[in-house]
Colleague: 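One structure, pasted below without further comment.
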Amino acid sequence: MGEIEDLRLFLAVARARSFVGAARAMAMTPPSVTRAIAALEDRLGVQLFVRTTRRVSLTAAGAAYAARVTPLVRDLALANDELRERHGETAGLIRLNAPMTFGLRFLPDILAQFRVLYPGVTFSVTLTDRFVDSVDDSFDLAIRISRPPRDTLSIWRKICRVERILAASPHYLKRQGIPQHADDLAQHACIAHDSDAQAETWELRAGSTLRRIRAGGHIATNNGDLMAGLAESGEGIVLLPRFMLEAGLASGRVQQILPDWIPPELWFTLYYPPYDRLPVRLTQFSDFVADYVTRVRPLG
């Protein structure tokens, strides 16, 4: 491997805190990553990582080295992008983070269509349902469906509003009754969505009237698809983005309730690490995603 490739690999291990994770991100085998890092440490004469059976972590010298070389590697990647842009080529790796349900339902089509246009662009994709409002150097782009950003240090781009609705199965509503007011939800099985699978509080507003409802008394989960399935099975009421429920709504397996009671809006937002200037591949992919979720399969 060349010196620049060694640095990229070193930073990949530092981000993943794992030789296996870095190998996956760099399309290498774990033994080859281990050998390359050992060779780099031999050349530098410094131990960069502490290895244990559970994790890999930077030494003090490794952390200082990572801080110095990270902007160098980033600037080189940007220089390569600028050169390709001048010659009309879009290429390079995009490390993408996205919500689980959105990723499974939308990204196969988005990535396939984008790569038809730009076959030189490659992707490393991580899916998670955790709502996080910032992104670091672990990713080039993060898609979030969450409340409006509160982190003023992040670079973000709002694409569209994402509608959420209350829904339950006809079987559940026949058995437990249809709520007529938000206050009625206190007597119902409300399924919570929380990153740690804990109870949550729903905020619902009708005009100037605000109600807070505690959800998760009997089921809480960190996955929206599981919630939708539980609602279809008659386990209770869910508060989810409409696109997560579209199949159940179309088939009649679930129905919307209390349409006049509106939760705080969610945004479909793109987050970036603190680039001085976005690489051209990120700009083009961001525009492609924005067009897809506002025109091809609207989320708003």
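Along the sequence shown, residues are numbered consecutively beginning with 1. Since this is a predicted model, take the numbers as computed values, not measurements.
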Colleague: Any chance you could pull the hydrophobic cluster mates of Leu239, using side-chain heavy atoms under 4.5 angstrom and chaining through other members?
Modeller: Leu166, Tyr172, Leu173, Ile178, Leu185, Trp202, Leu204, Ile213, Ile237, Ile257, Leu258, Trp261
Colleague: Taking all non-hydrogen atoms of both residues into account, name the closest pair between Gly252 and Pro170 and its distance.
Modeller: O-CG, 3.4 Å
Colleague: About how many Å separate CD of Glu235 and NE2 of His171, when rounded to the nearest 0.5 Å?
Modeller: 9.0 Å
Colleague: Are the side chains of Pro99 and Thr128 in touch, meaning some heavy atoms are under 4.5 Å apart?
Modeller: no
Colleague: Do Arg253 and Ser251 get their side chains close enough for a donor-acceptor pair, meaning under 3.5 Å?
Modeller: yes
Colleague: Hey, does the side chain of Asn222 reach the backbone of Asp194 with a donor-acceptor pair shorter than 3.5 angstrom?
Modeller: no
Colleague: Under a 4.5 Å cut-off applied to non-hydrogen side-chain atoms, are Met100 and Asn223 in contact?
Modeller: yes
Colleague: Which donor-acceptor pairs under 3.5 Å do the side chains of residues 285-293 make with protein atoms, sequence neighbours left out?
Modeller:
unit_1, atom_1, unit_2, atom_2, d
Ser286, OG, Tyr272, OH, 2.8
Ser286, OG, Leu282, O, 2.7
Asp287, OD1, Arg157, NH1, 2.9
Asp287, OD1, Arg157, NH2, 3.3
Asp291, OD1, Arg295, NE, 2.9
Asp291, OD2, Arg295, NE, 3.3
Asp291, OD2, Arg295, NH2, 2.9
Tyr292, OH, Asp109, OD2, 2.6

Colleague: Are Tyr271 and Phe139, when compared by the centres of their aromatic rings, separated by less than 6.0 Å?
Modeller: no
Colleague: Would a 4.5 Å heavy-atom cut-off, applied to side chains only, mark Leu72 and Leu7 as touching?
Modeller: no
Colleague: Atom CZ in Arg205, atom CG in Asp260: separation rounded to 0.5 Å?
Modeller: 14.5 Å
Colleague: If you compare all heavy atoms of Val162 against all heavy atoms of Pro241, which two are closest, and at what distance to 0.1 Å?
Modeller: CG1-CB, 3.8 Å
Colleague: Going by the side chain to side chain contact (heavy atoms under 4.5 Å, CB included) test, name the single residue among Ile143, Ile145, Thr294 that passes it with Ile159.
Modeller: Thr294
Colleague: Do other residues, nucleotides or ligands put more than 12 heavy atoms under 6.0 Å from Arg51 CZ?
Modeller: yes
Colleague: Ion pair present between Arg164 and Glu203, side-chain N to carboxylate O less than 4.0 angstrom?
Modeller: no
Colleague: Please check: side-chain N/O of His188 versus main-chain N/O of Cys190, any donor-acceptor pairing under 3.5 Å?
Modeller: no
Colleague: Between Gln284 and Thr90, do the side chains contain a donor N or O and an acceptor N or O under 3.5 Å apart?
Modeller: yes
Colleague: Less than 4.5 Å apart, side chain to side chain, heavy atoms only: is that true for Thr122 and Ile94?
Modeller: no
Colleague: Relative to each other, are the rings of Phe106 and Phe243 parallel, tilted or perpendicular (30° and 60° limits)?
Modeller: perpendicular
Colleague: Which heavy atom in Gly236 sits nearest to a heavy atom in Ala168, and how many Å separate them?
Modeller: O-CB, 3.7 Å
Colleague: How many angstroms lie between CG in Asp6 and CG in Leu44, if you round to the nearest 0.5 Å?
Modeller: 9.0 Å
Colleague: List the atom of Pro30, the atom of Ala23, and the distance in Å for their closest heavy-atom pair.
Modeller: N-CB, 3.7 Å
Colleague: Minimum heavy-atom separation for Arg115 to Val121, with atom names?
Modeller: NH1-O, 2.6 Å
Colleague: Is the backbone N or O of Leu48 less than 3.5 Å from a side-chain atom of Glu41, with the two atoms forming a donor-acceptor pair by type?
Modeller: yes
Colleague: Between Thr201 and Arg214, do the side chains contain a donor N or O and an acceptor N or O under 3.5 Å apart?
Modeller: yes
Colleague: Once rounded to the nearest 0.5 Å, what's the spacing between atom CG of Leu249 and atom CE of Met244?
Modeller: 13.0 Å
Colleague: For the residue pair Ser18 and Val56, what are the closest heavy atoms and their distance?
Modeller: N-CB, 4.2 Å
Colleague: Please examine the side chains of Arg8 and Ile4, heavy atoms only from C-beta on, and report whether any two atoms are closer than 4.5 Å.
Modeller: yes
Colleague: Is there a donor-acceptor contact under 3.5 Å linking the side chains of Thr126 and Asn97?
Modeller: no
Colleague: Examine distances only and state if a side-chain atom of Ser233 and a backbone atom of Gly229 form a donor-acceptor pair shorter than 3.5 Å.
Modeller: yes
Colleague: Are Arg43 and Glu3 close enough for a salt bridge, meaning some N to O gap below 4.0 Å?
Modeller: no
Colleague: Is there a side-chain contact between Arg35 and Ile37 (heavy atoms, below 4.5 Å)?
Modeller: no
Colleague: Count the heavy atoms belonging to other residues, nucleotides or ligands that lie under 6.0 Å from CZ of Arg175, then report whether that count exceeds 12.
Modeller: yes
Colleague: Atom CZ of Arg55 and atom CZ of Phe49: how far apart are they, to the nearest 0.5 Å?
Modeller: 12.0 Å
